[in-house]
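Take a look at the structure below.
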Amino acid sequence: MLDGIEVSGAILDSVRDATDKYVASGGRRPGLAVVLVGTDPASAIYVRAKRKDCMKAGITARDIDLPADTSQQDLLDLIDQLNHDDDIQGILVQLPLPPHIEETAITNSIKSDKDVDGFHAFNVGRLALRQPGLRPCTARGIVTLLNYYGIDSKGKHCVIVGASNIVGRPMGLELLHAGATVTTCHRFTTDLEAFVRQAEILVVAVGQPGIVNAEWVADGAIVIDVGINRLDSGKLVGDMDFELAARKAAWITPVPGGVGPITRATLMQNTAEAAGIHIVDPKKSQD
Ligand code: NDP
């Protein structure tokens with residue numbers, strides 16, 4: 001199993017270590033503004049977890065909770081203030097936003113060097129062009145996860161199911177940069193099964209349980225399940241049937257305890273890096 005709790009813990013330890021050293025040498029402790037608009041219960045849970053990770057990573061969280069009827073202009077004004085605030089190195093606006101607020105306008109209003117989610121068009125463009133910049137956390141975190149376990153994606157056929165701006169597309173770019181041959185499947189892909197069967201590394205990020213039949217997984221494939229779905233029973237599951245897929249896969253991420261915590265830990269890594277602190281990616285010890 002690819003253990004997201006272990007890897008996220010190792011990332012948070014690296015960030016804590018580096019930020020503490022930075023502060024001890026006279027640097028300013030990095031600050032992350034965590035902005036939540038409205039009371040969406042899932043968003044509130046994510047935001048709480050991110051704030052907790054800040055404590056573990058030695059990052060000062062500034063919590064800003066706004067009512068659901070906050071106007072787009074008020075949110076833009078707040079971001080403008082945060083863009084100019086020297087105590088804040090990272091700005092995170094939790095998505096989704098209420099429907100009257102245009103998400104792209106918000107993500108692109110964050111100063112690109114404080115855009116720790118990596119969603120600003122400038123940062124996505126830099127990722128596409130293989131230039132250094134703040135990178136979307138889930139895709140970057142998955143690369144850290146693969147590296148942690150010594151899994152080399154070079155030359156492998158990686159199939160990504162899902163093509164969203166926040167997961168699928170940046171994932172394709174990350175794996176392409178790592179030397180993989182990448183296929184991205186989406187809503188209009190006609191024979192999903194045929195592509196999944198070819199995947200040496202399979203990343204599933206749709207948000208529909210069972211969208212990929214676990215029987216299609218090739219023997220020995222590496223399966224990364226990004227999906228987070230809450231069943232009527234309250235149980236949290238991924239997009240794959242874990243038990244079935246685990247019988248065929250060489251490595252697989254669980255849900256919960258897989259990609260989710262790594263995404264959050266990578267947000268801390270991005271925040272420290274936005275503050276100019278260099279973080280070394282952790283690797284699994286061979287002992
Ligand atoms: P979106 O709804 O933005 O994107 C879903 C993607 O799936 C779209 O690209 C869509 O294609 C594609 N899709 C829809 N139907 C099919 C289909 N039948 N076959 C193939 N592809 C299809 O979701 P997100 O990317 O934001 O999130 C995906 C999942 O990952 C969710 O469960 C979310 O909760 C979870 N998530 C988990 C994170 C973590 O840290 N673990 C972080 C972020 C998200 P098209 O583009 O054509 O519409």
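All values reported here derive from a predicted model rather than from experimental measurement. Whatever order the structure lists them in is the order used to number ligands and atoms, beginning at 1. These values consider heavy atoms only, across backbone and side chains, with no hydrogens, waters or symmetry-generated copies.
- Screening residues 170-192 for salt bridge (charged side-chain N to carboxylate O under 4.0 Å, His left out) gives Arg135-Glu174 as the qualifying pairs, with residues at least two apart or on separate chains.
- Scanning all protein heavy atoms for the shortest distance to atom 12 (C) of ligand 1 gives Gly162 CA, 3.9 Å.
- Under 4.0 angstrom from ligand 1, there are no non-hydrogen atoms of Arg264.
- Atom 33 (C) of ligand 1 has as its closest protein heavy atom Ile228 N, 4.2 Å.
- Within the 4.0 Å cut-off (strictly below), no protein heavy atom is located near atom 27 (O) of ligand 1.
- Counting heavy atoms closer than 4.0 Å to ligand 1, residue Ile211 contributes side-chain atoms (C-beta onward) but none from N, CA, C or O.
- Near Gln208, with a cut-off below 4.0 Å to any heavy atom, the atoms of ligand 1 are 15 (N).
- For Ile166, every heavy-atom contact with ligand 1 shorter than 4.0 Å involves the side chain, none the backbone.
- Residues Asp239 and Asn229 have side chains in contact (heavy-atom distance under 4.5 Å, counting atoms from C-beta outward).
- Of the candidates Val226, Val143, Ile224, Val143 is the only one forming a side chain to side chain contact (heavy atoms under 4.5 Å, CB included) with Met171.
- Between Arg247 and Glu243, none of the side-chain N atoms (NZ, or NE/NH1/NH2) sits under 4.0 Å from a carboxylate O, so this pair counts as no salt bridge.
- Within the 4.5 Å cutoff, side-chain heavy atoms of Leu82 are placed close to those of Arg62.
- Between the CG atom in Asn147 and the OG atom in Ser153 there is a gap of 7.0 Å [rounded to 0.5 Å].
- Atom 30 (O) of ligand 1 has its closest protein heavy atom at Val226 O, 3.6 Å.
- Residue Thr189 places every heavy atom at 4.0 Å or more from ligand 1.
- Under the side chain to side chain donor-acceptor pair (under 3.5 Å) criterion, Arg28 pairs with Asp87, sequence neighbours left out.
- Protein heavy atom at the shortest distance from atom 45 (P) of ligand 1 is Arg187 NE, 3.7 Å.
- Counting only heavy atoms from C-beta outward, the side chains of His177 and Leu127 approach each other to under 4.5 Å.
- By the criterion of a heavy-atom distance under 4.0 Å, the side chain of Thr263, and not its backbone, is placed next to ligand 1.
- Counted by atom type alone, Gln81 and Asp77 present zero donor-acceptor pairs between their side chains at under 3.5 Å.
- Looking from atom 9 (O) of ligand 1 to the surrounding protein, the closest heavy atom is Ala163 N, 2.7 Å.
- Among all non-hydrogen protein atoms, the one lying nearest atom 5 (C) of ligand 1 is Val206 O, 3.5 Å.
- Close approach of ligand 1 to Val259 (heavy-atom distance below 4.0 Å) involves ligand atoms 40 (O), 41 (N).
- Shortest contact from atom 44 (C) of ligand 1 to any protein heavy atom: Val167 CG2, 3.9 Å.
- Between Lys50 and Asp117 no salt bridge is recorded (no basic side-chain N to carboxylate O distance below 4.0 Å).
- For the pair Leu92 and Tyr46, the minimum side-chain heavy-atom distance is 4.5 Å or more.
- Note on ligand 1: Gly168 sits outside its first shell, no heavy atom being nearer than 4.0 Å.
- Of the heavy atoms in Thr138, only side-chain atoms (C-beta onward) come closer than 4.0 Å to ligand 1.
- Shown here for Ile279 and Val15, the closest heavy-atom pair between the two residues is CD1-CA, 3.9 Å.
- The part of Val161 lying near ligand 1 is the side chain, judged by heavy-atom distances below 4.0 Å.
- Nearest protein neighbour of atom 4 (O) of ligand 1, counting heavy atoms only, is Ser164 CB, 3.4 Å.
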